[in-house]
Chemist: 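Right, I'll just put the structure down here and ask away after.
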Amino acid sequence: MKQWHALTIEETKNVLAKHNEHLSVNEIKDMESSRWFILLARQFTNILILVLLIATLLSFFLGDIIDALAILAIVLFNGLLGFVQEWKAQNAIKNLKNMLTSQCRVIRNGLELVIDVKKLVPGDCVLMDGGDIVPADIRITAVADLMINEATLTGESEPITKITERLPAETLITDRKNMAYMGTHVMSGQGQGLVVAIGMDTEFGRLAELTGSIHEEETELQKQLSFIGKRLGLLAIITSVGVILIGVLAGFDPIRMLMTGISLAVSAIPEGLPAVVTIALALGARAMAKKKALLRHLQAAETLGAVSIICTDKTGTLTQNEMKVQVIWLFEKSLQLTGVGYTPEGEFILNGEVINPQSLPELMTLLETGYQCNHARIYQEGEEWKIIGSPDEAALLVAAVKSGLSCAHPAALVKEFTFDSIKKRMTVIEDAGDFQIIHSKGAPEVILPLCTYYLFGAQENELNSDSRNKIENAYINLAQNGLRTLALARKIVPKHLKLSRKEAENNLVFIGLVGFMDPPREEIPRALATAKNAGIKVVMITGDSPVTAKAIANQIGLHVDKVITSSELKTLSDHKLKELLKQNVLFARTIPEDKFRIVKLFQDQGQLVAMTGDGVNDAPALKQADIGIAMGIRGTDVARSVADIVLSDDNFASIIDAVEEGRRQYANLRKFVLYLASSNLGEVLAILISLLLSGGLIVIPVQILWINLVTDSATALSLSVERAEKGIMHRPPRQADKPIFDRMSLILVIAFGAYIGMVTFLVYQLYFPQSYELANTIAFTSLVVLANIHTLNFRSFYKPIYTIGWFSNKWILIALLSMLGLHVMAIYNPGPQRILHTVPLSISHWGVILLCALPIFLIPELYKMIKNKGS
């Protein structure tokens, strides 16, 4: 093995001088990112936006200042919103850097110094103490009960006891107990070691580089809306230019034809669509928050609704992240404990019946030893019980309180022999008046050899090979069921006897075994069943042991055909792993690269993947996944910064609730996109038909903006709060690339658009002989009324309104009445009249308009009624 030594100050200077140009600095570098002004400019390169900007300029130069300002306001609003979202997404690496420490202690020239971590070089001897953040990757050379929490890096839920022994080169990162890694936390003890990697060469640095190098793809919604925008933009340009050229060649006034072209461009583009989508997604984000899912990106909801795979962590997501005594094994007896978390309430069950724990003297003896050999404390904060100290010890304390033991006044302890990683046990000596009681707890394989007797009832019996075998089989069985086990023992000695550790921990009386578990959340089985019905496959990927992970899977009803560890994954080709991913597979003892690889291979198979995570180790996979879901309670800033969704309660069941909400939001979003498309098609057809058949400008640009931005947008927005349809979670996920405009959708859009366009033109022609102003106002009003009335058709594509309830969506009725009222004000109030160029209408005019509007609602409703009766 290579011999390391701490650098002297002179050697450090030589290293820095010799390698100044090549030696990396001990810091995490920012990944390449775009400057703010480039991000801002990028928001205005969409063809739809460019067409609107051109329309703005033309309107401005032609003197239509109101038109120009209205369009410009929408363009700027959407551009700034996109800029803010993209700017936030670039801060992942900055959050990584915030997790690191700024100073550390080193030994140089035999002196202890405090230096800036950036000045660390390979070979430096670093000192570590409880509470420190490890400043680099360090090969440990000396330890004293050194325990490091590596959950943020490896996903392992329990602190790792560190050693100095040499390990094989192929040892996985989760098992490298002789290494301390940058960014991890020293929980207790002391240690020192030699720096072997700094900066971007560390495991932490590699994660930062991988996270920063992943390119975030647009969501399917973004792609589809962009596609729709481009097509509508091109349609607007081609149609407008064609009409202008035809009109000019036919001898019409060029300025008039330019205005007509602008009208067509504005009518072809649903200016309100970006605003409606944004507001609808914001409302959806509020609904998601009520389901404990906080959206970092507004588009995340609809993507979550389409996921076909959810890769989930175990600890705290499927489980409660609260250690609990699940089983107490006494000789010839096995008891179960009920209760939730650290709340000191629960029952003791023996052979299926609730018992009084104080009726079993050996049980009370075990609980008393567990309480005395303990440093943990529990306390109540509001309605929640919290702990100070080790989760295992806190669980023992809770079990003691459940039995009725008074834990308010700890016993007087004469001496304590603390736990260490070599002895794997803790022993205390209690002053019990006329005698002393020695209490010991530790790993069963360590405690049992120290015992000469075992407790059966109130009697002490000598241990023989049979009784030892029974105890060994018991703790092996507990471990195979995924329980963490502790053995407890004790003995009574004379009052004034002074004992060494060896003497105190000799000839002990074995009391029993305690099996701990971080229990599954009660709602998880229901959530998994819902996911299965919805066609969503759930895959557990955890850093914990295969035995524990499989046991939890069995308890929550997650069917598993095969358990694969990280070491096994290394031997599998991508092709072989893809085949295994088609089965019900559970992944244990995983490392960051494993999670990233699994997500990527699922995506290669055409799956839409959601990934949960809480640590730095999860960041690459969270960013790579179509939907990254970070934990809000125990998650790191890094995980939250790269994720799309943050769970405020860390609960898997909340993900499934959020999936349902995402499906509802997408269904409603599709409804109002189709509604806006059909309304705008009606406007385009009305203008085109009028232009081709009469040469008149049926509506002017400012009136089209009024329809698109005011009346249409409000009613479209009311569709976004429509309730979820029944059975929405009994359907398979939609295909991620399924277009918003499928064959049936196009038929509906064309049918509704054609009706709106033809009826508006006919009404215009009916009143044109009287005056252009009257005909224009009636055509303008017809478009508003027709567009608002036919909103009702989109509440459901299959069910008539009376089956879903007229008042089940009160907002759509409020929107209809409000927008029609606003339009009435616009044609009767002198101020809006001047802006919109309208004239007052008589009762008979309104009667004609309503008569034309009723069929667009009644005919589809009649069709849906007949179809539903037939089915």
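What you are looking at is a predicted structure, and each value in this text was computed from that prediction instead of being measured.
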Chemist: Taking all heavy atoms of Ala395 and all of Tyr342, pick out the closest pair and write down the distance.
Modeler: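 Residues Ala395 and Tyr342, closest heavy atoms: N-CE2, 4.4 Å.
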Chemist: For the atom pair OG (Ser334) and CG (Leu513), what is the distance rounded to the nearest 0.5 Å?
Modeler: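 Reported value, rounded in 0.5 Å steps: 9.5 Å.
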Chemist: When you look at Leu497 and Gln436, which way does the side chain to side chain contact (heavy atoms under 4.5 Å, CB included) test go after all the steps?
Modeler: CA-CA 8 Å; Leu497 200 61; Gln436 298 177 115; 4.2 Å; yes
Chemist: Hey, does the side chain of Glu384 reach the backbone of Glu381 with a donor-acceptor pair shorter than 3.5 angstrom?
Modeler: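 No.
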Chemist: Please check if any side-chain donor atom of Thr565 sits under 3.5 Å from a side-chain acceptor atom of Glu568, or the reverse.
Modeler: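 There is such a pair between these side chains.
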Chemist: Would you say the side chain of Leu194 lies within less than 4.5 Å of the side chain of Asp124, judging by non-hydrogen atoms?
Modeler: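 A side-chain contact under 4.5 Å is absent here.
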Chemist: Short question: side chain of Asp129, backbone of Gln190 - any donor-acceptor pair under 3.5 Å?
Modeler: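 A pair under 3.5 Å: no.
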Chemist: Any luck finding a side-chain donor-acceptor pair between Glu523 and Asn651 under 3.5 Å?
Modeler: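 There is such a pair (donor and acceptor under 3.5 Å, judged by atom type) between the side chains of Glu523 and Asn651.
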Chemist: Can you check whether Leu455's main-chain N or O pairs, donor with acceptor, with Asn461's side chain at less than 3.5 Å?
Modeler: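 Such a contact is absent between Asn461 side chain and Leu455 backbone.
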Chemist: Is the number of heavy atoms from other residues, nucleotides or ligands under 6.0 Å of Lys292 NZ greater than 12?
Modeler: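 For Lys292, atom NZ is not crowded (no more than 12 foreign heavy atoms under 6.0 Å).
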Chemist: Between Asp518 and Lys324, is there a side-chain N and carboxylate O pair less than 4.0 Å apart?
Modeler: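 No, no charged N to carboxylate O under 4.0 Å.
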Chemist: So Ile107 and Leu113, side chain to side chain contact (heavy atoms under 4.5 Å, CB included) or not? Walk me through it.
Modeler: CA-CA 6 Å; Ile107 295 178; Leu113 306 172; over 6 Å; no
Chemist: What is the minimum heavy-atom distance between Arg521 and Asp650, and which atoms define it?
Modeler: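 Looking at all heavy atoms of both residues, the shortest contact is NH2-O, 3.4 Å.
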Chemist: What are the two closest non-hydrogen atoms of Cys373 and His439, and how far apart are they?
Modeler: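 Reported closest heavy-atom pair: SG-O, 3.8 Å.
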Chemist: Would you please test Ile438 and Leu499 for side chain to side chain contact (heavy atoms under 4.5 Å, CB included) and show each step?
Modeler: CA-CA 10 Å; Ile438 297 172; Leu499 301 173; 3.5 Å; yes
Chemist: Would a distance-only check, ignoring hydrogens and angles, find a side-chain to backbone donor-acceptor pair under 3.5 Å from Arg108 to Cys125?
Modeler: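 Here the side-chain-to-backbone pair does not exist.
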Chemist: With no hydrogens and no angle check, do the side chains of His375 and Glu416 hold a donor and an acceptor under 3.5 Å apart?
Modeler: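 Yes - a donor-acceptor pair under 3.5 Å links their side chains.
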Chemist: Would you say the side-chain atoms of Glu150 and Thr184 include a donor-acceptor pair closer than 3.5 Å?
Modeler: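 Note: Glu150 and Thr184 side chains miss the donor-acceptor criterion.
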Chemist: Does either side chain, that of Arg176 or that of Tyr181, offer a donor lying less than 3.5 Å from an acceptor on the other one?
Modeler: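 On atom types as modelled, these side chains qualify, holding a pair under 3.5 Å.
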Chemist: Any donor-acceptor pair under 3.5 Å linking the side chain of Asp132 with the backbone of Met128?
Modeler: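 A pair under 3.5 Å: no.
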Chemist: Tell me whether the NZ or CZ atom of Lys595 lies within the 45° cone about the ring axis of Phe587 and under 6.0 Å from its centre.
Modeler: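 Judged by the rule, Lys595 and Phe587 form no cation-pi pair.
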Chemist: State the CE-CG distance between Met631 and Asp313, to the nearest 0.5 angstrom.
Modeler: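 So the CE of Met631 and the CG of Asp313 are separated by 7.0 Å.
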Chemist: If you count heavy atoms of other groups shown closer than 6.0 angstrom to NZ of Lys402, is the number above 12?
Modeler: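 Above 12, so yes.
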Chemist: I want to check something: taking the side chain as every heavy atom from C-beta on, are Leu363 and Phe348 in contact at a cut-off of under 4.5 Å?
Modeler: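 Leu363 reaches Phe348 side chain to side chain.
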Chemist: Quickly, which of Val327, Leu483, Leu486 forms a side-chain contact (heavy atoms from CB on, under 4.5 Å) with Phe516? Name it, please.
Modeler: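 With Phe516 as partner, Val327, Leu483, Leu486 yield a single side-chain contact (heavy atoms from CB on, under 4.5 Å), made by Leu486.
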Chemist: Considering only heavy atoms from C-beta outward, does the side chain of Met364 approach that of Ser403 to under 4.5 Å?
Modeler: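 Met364 vs Ser403: side chains touch.
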Chemist: If only side-chain N and O atoms count, and only distance matters, is there a donor-acceptor pair under 3.5 Å linking Ser566 with Asp594?
Modeler: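 Looking only at side-chain atoms, Ser566 and Asp594 do form a donor-acceptor pair, the distance falling under 3.5 Å.
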Chemist: Quick check: closest heavy atoms across Pro546 and Arg589, and the distance to 0.1 Å?
Modeler: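 Nearest pair, atom of Pro546 first, then Arg589: CD-CG, 4.1 Å.
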Chemist: Can you tell whether the side chains of Glu505 and Arg501 come within less than 4.0 Å, N to carboxylate O?
Modeler: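 Salt bridge between Glu505 and Arg501, a charged N being under 4.0 Å from a carboxylate O: yes.
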Chemist: Side chains of Arg425 and Lys441, heavy atoms from C-beta outward: is any pair under 4.5 Å?
Modeler: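 Contact flag for Arg425/Lys441 side chains = no.
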Chemist: Would you say Ser359 and Asn356 are linked by a side-chain donor-acceptor pair, where the criterion is simply a distance under 3.5 Å?
Modeler: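 Side-chain D/A pair, Asn356 to Ser359: absent.
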Chemist: How long is the span from the CD atom in Gln326 to the CZ atom in Arg484, to the nearest 0.5 Å?
Modeler: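 Atom-to-atom, Gln326:CD and Arg484:CZ are 13.0 Å apart.
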Chemist: Quick check for you: to the nearest 0.5 Å, what is the distance between Gln555 atom CD and Lys550 atom NZ?
Modeler: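 Spacing of CD (Gln555) from NZ (Lys550) equals 12.5 Å.
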Chemist: Measure from the side-chain N and O atoms of Thr343 to the backbone N and O of Glu345, and report whether any donor-acceptor pair falls under 3.5 Å.
Modeler: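 Between the backbone of Glu345 and the side chain of Thr343 there is no qualifying donor-acceptor contact (under 3.5 Å).
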Chemist: Taking NZ, NE, NH1 and NH2 as the nitrogens, is one of them in Glu503 or Lys498 under 4.0 Å from a carboxylate oxygen of the other?
Modeler: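 Judged by the 4.0 Å cut-off on N to carboxylate O distance, Glu503 and Lys498 do not form a salt bridge.
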Chemist: Could you state the interatomic distance from CG (Leu463) to CG (Leu508), rounded to the nearest 0.5 Å?
Modeler: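 Here the rounded value is 10.5 Å.
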Chemist: Using a 4.5 Å cut-off on heavy atoms from C-beta on, say whether the side chain of Val134 contacts that of Ile138.
Modeler: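 Side chain of Ile138 against side chain of Val134, heavy atoms only: contact under 4.5 Å found.
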Chemist: To check you understand the geometry: which heavy-atom pair defines the closest contact between Gln380 and Trp385, and what is its length?
Modeler: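 Taking every non-hydrogen atom into account, OE1-CZ2, 3.5 Å.
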Chemist: With rounding to the nearest 0.5 angstrom, report the CG to OG distance, Asp649 to Ser654.
Modeler: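 It comes to 3.5 Å.
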Chemist: Contact between Asp561 and Val585 at the side-chain level, heavy atoms closer than 4.5 Å - yes or no?
Modeler: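 Asp561 vs Val585: side chains apart.
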Chemist: Mind running salt bridge (charged side-chain N to carboxylate O under 4.0 Å, His left out) on Glu362 and Lys333 for me, showing each step along the way?
Modeler: CA-CA 10 Å; Glu362 66 268 52; Lys333 297 184 185 72; 3.0 Å; yes
Chemist: Which heavy atom of Leu367 sits nearest to which heavy atom of Ala399, and what is that distance?
Modeler: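 Nearest pair, atom of Leu367 first, then Ala399: CD2-CB, 3.9 Å.
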Chemist: Take a 6.0 Å sphere around CD of Glu522 and say whether it holds more than 12 heavy atoms from other residues, nucleotides or ligands.
Modeler: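 No, the 6.0 Å shell around CD holds no more than 12 heavy atoms from other groups.
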Chemist: Would you check if the side chain of Thr369 reaches a backbone N or O of Thr365 as a donor-acceptor pair within less than 3.5 Å?
Modeler: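 Checked: pair present.
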Chemist: Using a 4.5 Å cut-off on heavy atoms from C-beta on, say whether the side chain of Val493 contacts that of Lys491.
Modeler: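 Yes, side chains in contact.
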Chemist: Does atom CZ of Phe331 have more than 12 heavy-atom neighbours, drawn from other residues, nucleotides or ligands, at distances under 6.0 Å?
Modeler: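 More than 12 within 6.0 Å, yes.
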Chemist: Determine yes or no for a side-chain-to-main-chain donor-acceptor pair under 3.5 angstrom, with Lys162 supplying the side chain and Met179 the backbone.
Modeler: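 Such a contact is found between Lys162 side chain and Met179 backbone.
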Chemist: Please determine which of Ile355, Leu335, Leu337, Thr338 meets the side-chain contact (heavy atoms from CB on, under 4.5 Å) test together with Ile349.
Modeler: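 Checked Ile355, Leu335, Leu337, Thr338 against Ile349; only one passes side-chain contact (heavy atoms from CB on, under 4.5 Å): Thr338.
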Chemist: Should we say atom CD of Glu353 is surrounded by more than 12 heavy atoms from elsewhere, each under 6.0 Å from it?
Modeler: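 No, CD of Glu353 has 12 or fewer neighbouring heavy atoms, counting only those of other groups under 6.0 Å.
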Chemist: Can you find a heavy atom in the side chain of Lys424 that is under 4.5 Å from one in the side chain of Ile447?
Modeler: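 No; the side chains remain at least 4.5 Å from each other.
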Chemist: Using modelled atom types only, decide if a donor and an acceptor are shared between the side chain of Asn469 and the backbone of Ser465 within a distance under 3.5 Å.
Modeler: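 Side chain of Asn469 to backbone of Ser465, a donor-acceptor pair under 3.5 Å: yes, one is there.
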Chemist: Go through it in stages, so that I can follow the logic: the residues are Cys104 and Leu120, the test is side chain to side chain contact (heavy atoms under 4.5 Å, CB included), and I'd like the CA-CA distance, side-chain angles, deciding distance and then a yes or no.
Modeler: CA-CA 9 Å; Cys104 63; Leu120 273 180; 3.8 Å; yes
Chemist: Give a yes or no answer on whether the side chain of Lys495 reaches the backbone of Gly433 with a donor-acceptor pair at less than 3.5 Å.
Modeler: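 Side chain of Lys495 to backbone of Gly433: a pair is present.
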